[in-house]
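Report on the structure given below.
Just so you know, residue 1 is the first one in the sequence shown, and it goes up from there.
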Amino acid sequence: MDAIVLASKRSLLLFLLIVSLSLSQKVIHISAFNDTKSYRQVSSLRLARIQKHLNKINKSPVFTIQSPDGDVIDCVPKRKQPALDHPLLKHHKIQKAPKKMPKMKGKDDDVKEAENVLEGAWQMWHVNGTWCPKGTVPIRRNTMNDVLRAKSLFDFGKKRRSIDLDRQTEKPDALGTNGHEHAIAYTETSSEIYGAKATINVWDPKIEEVNEFSLSQIWILSGSFVGPDLNSIEAGWQVSPELYGDNRPRLFTYWTSDSYQATGCYNLLCSGFIQTNNKIAIGAAISPLSTFKGNQFDITILIWKDPKMGNWWMGLGDSTLVGYWPAELFTHLADHATTVEWGGEVVNTRASGRHTTTQMGSGHFPDEGFGKASYFRNLEVVDSDNSLVPVRDVKILAENTECYDIKSSHNTEWGTYFYYGGPGFNPRCN
């Protein structure tokens, strides 16, 4: 990326400040989002409950890094991270690395149309060349403001349930209810699935309302789409003003073992996901980003089940391990997955009495193609032999193609791929 552009971005980031709150006040006024002039009063009792929760999830660091984008990254001893507070992980021994990586196909060096973020860029907290020491993991510090933007303390860090438990269908589009809209590709196979991989380019879609989000991710699924027992493991990038307080695309993870009802959360906002990497902060901003008719930057995400220990690992690029979801967290996924989905999701609250203008992907429809529309490329699944197998046939689905759409194809360099996304509200989407 052009050095002048990067320098300009870095200069702008230096002007960002962290909002600090004082618990000594009986009443605190909180800005809902950015420069919004909407404020609300918060009781001292609620503040005390929130602070107690923050004390639980913000572990004592051995080192702290101030990111130029306003984040505070705490370097927490690996054995003190939030995951190990989970009652099912009380006696869990942290796995340093998977016993076996999936057998990789030969890397195609001819794919030159996009640069990989992990090789050519950084998360914003890396800008000063500072990392967390070995034996620690970087964790984005949660603030009072972060919690107050959520609907409630219970809802903090959770996806609001998008599954209608009364809906009588087992199709993946059962996910597309209650204001959540998708443009996805998914597998439809009777074979057992032990992981998935894809390369996704990163954009900064515009979000209309603070409680809306736009994300691009992989879903690893098992269980019923119409019952309370769906297991899901998810990872990708997202823009969520409610969760992070800004419009920056960020690396994220998610998990649930009960159809998004009570279990699971984003990132490390509850006990569950165990981080092992000291250089990647889940929830931290990604940079640089793809630009319209300009440079394209992408990330490669791999999720797979370690055949020896049974834990579900997350990798970035070809060899960077981030951490894992312990097998103990799940019911159906304790064995294998039955469905994989790749694609985008937005929340449409219709707050203005019409469809939201929140964008998916680049905010452009898939027909516009490379450099304009967002993409997933080189879709693969992990089979029972722990081998990465290129996906040949996928089904595609979008609930409202006038708002967000998806188009899939296949070639020798990108394998199975698709473009997806859209602007939301427009003359045909209202």
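- Judged as a side-chain contact (heavy atoms from CB on, under 4.5 Å), and not counting sequence neighbours, the contacts of S409 are Y417.
- Listed here is the closest heavy atom pair of N278 and W125: O-CH2, 4.1 Å.
- For residues 418-430, the side-chain hydrogen bond (donor to acceptor under 3.5 Å, both in side chains) pairs, not counting sequence neighbours, are S216-Y420, S374-Y420, E402-R428.
- Taking the six-membered ring for Trp and thresholds of 30 and 60 degrees, W255 and H86 have ring planes inclined between 30 and 60 degrees apart.
- Between T401 and F365 the shortest heavy-atom distance is O-CE2, 3.8 Å.
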Worksheet item: Does the side-chain contact (heavy atoms from CB on, under 4.5 Å) test come out yes or no for Y260 and Y254, once each step is laid out?
Response: CA-CA 10 Å; Y260 305 92; Y254 199 90; 3.7 Å; yes
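- The aromatic rings of Y266 and F252 sit perpendicular, their planes meeting at an angle over 60°, well past the 30° parallel limit.
- Distance check, rounded to the nearest 0.5 Å: NZ of K279 to CD of Q123 gives 12.5 Å.
- Listed by chain and residue number, nothing satisfies the salt bridge (Lys or Arg N to Asp or Glu O under 4.0 Å) test with K305 (two or more places apart in sequence, or in another chain).
- A donor-acceptor pair is defined here as one N or O able to donate and one able to accept, closer than 3.5 Å; such a pair exists between the side chain of Q296 and the backbone of T291.
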Worksheet item: Is there a side-chain contact (heavy atoms from CB on, under 4.5 Å) between C132 and V137 once you walk through the steps?
Response: CA-CA 7 Å; C132 282; V137 293; over 6 Å; no
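- When the salt bridge (Lys or Arg N to Asp or Glu O under 4.0 Å) test is applied to D383, no partner is found at least two apart in sequence or on another chain.
- Taking the six-membered ring for Trp, F273 and W325 have ring centres closer than 6.0 Å.
- Of the options W237, F418, W342, a ring-ring contact (aromatic ring centres under 6.0 Å, His included) to F376 is made by F418 and by none of the others.
- A donor atom on one side chain and an acceptor atom on the other are found under 3.5 Å apart for E234 and S232.
- In this structure, a donor-acceptor pair under 3.5 Å is present between the side chains of T256 and D258.
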Item to complete: Determine, stepwise, if the pair D69 / S67 fulfils side chain to side chain donor-acceptor pair (under 3.5 Å).
Response: CA-CA 5 Å; D69 63 357; S67 175; 2.6 Å; yes
Discussion item. Walk me through whether Y375 and W414 qualify under ring-ring contact (aromatic ring centres under 6.0 Å, His included).
Written reply: CA-CA 10 Å; Y375 63 76; W414 278 22; 4.6 Å; yes
Discussion item. Run L268 and Q275 through side-chain contact (heavy atoms from CB on, under 4.5 Å) and show every step you take.
Written reply: CA-CA 9 Å; L268 306 181; Q275 182 155 342; 3.6 Å; yes
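- Atom CZ of R49 has 12 or fewer neighbouring heavy atoms from other residues, nucleotides or ligands inside a 6.0 Å radius.
- The aromatic rings of F213 and H180 sit perpendicular to each other, their planes meeting at more than 60°, with 30° as the lower class boundary.
- Side-chain atoms of T358 and S214 form no donor-acceptor pair, as typed in the model, at a separation below 3.5 Å.
- With values rounded to the nearest 0.5 angstrom, E208 atom CD is found 8.5 Å from N348 atom CG.
- By the salt bridge (Lys or Arg N to Asp or Glu O under 4.0 Å) test, D306 pairs with no residue at all, sequence neighbours left out.
- Between the side chain of T187 and the backbone N or O of V340, at least one donor-acceptor pair lies under 3.5 Å.
- Atom CG of D393 is surrounded by 12 or fewer heavy atoms from other residues, nucleotides or ligands within 6.0 Å.
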Fill in: CA sep, side-chain torsions, deciding dist, call: T356, T349, side-chain contact (heavy atoms from CB on, under 4.5 Å)
CA-CA 7 Å; T356 182; T349 63; 5.6 Å; no
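- Proximity of a side-chain donor or acceptor of N411 to a complementary backbone N or O of E413 within less than 3.5 Å is detected.
- Using a 4.0 Å cut-off between charged nitrogen and carboxylate oxygen, K59 and D85 count as a salt-bridge pair.
- Pairs engaging residues 209-255 under the disulfide bond (SG atoms under 2.5 Å apart) rule: none recorded [sequence neighbours left out].
- Between N311 atom CG and F330 atom CZ the span is 9.5 Å, to the nearest 0.5 Å.
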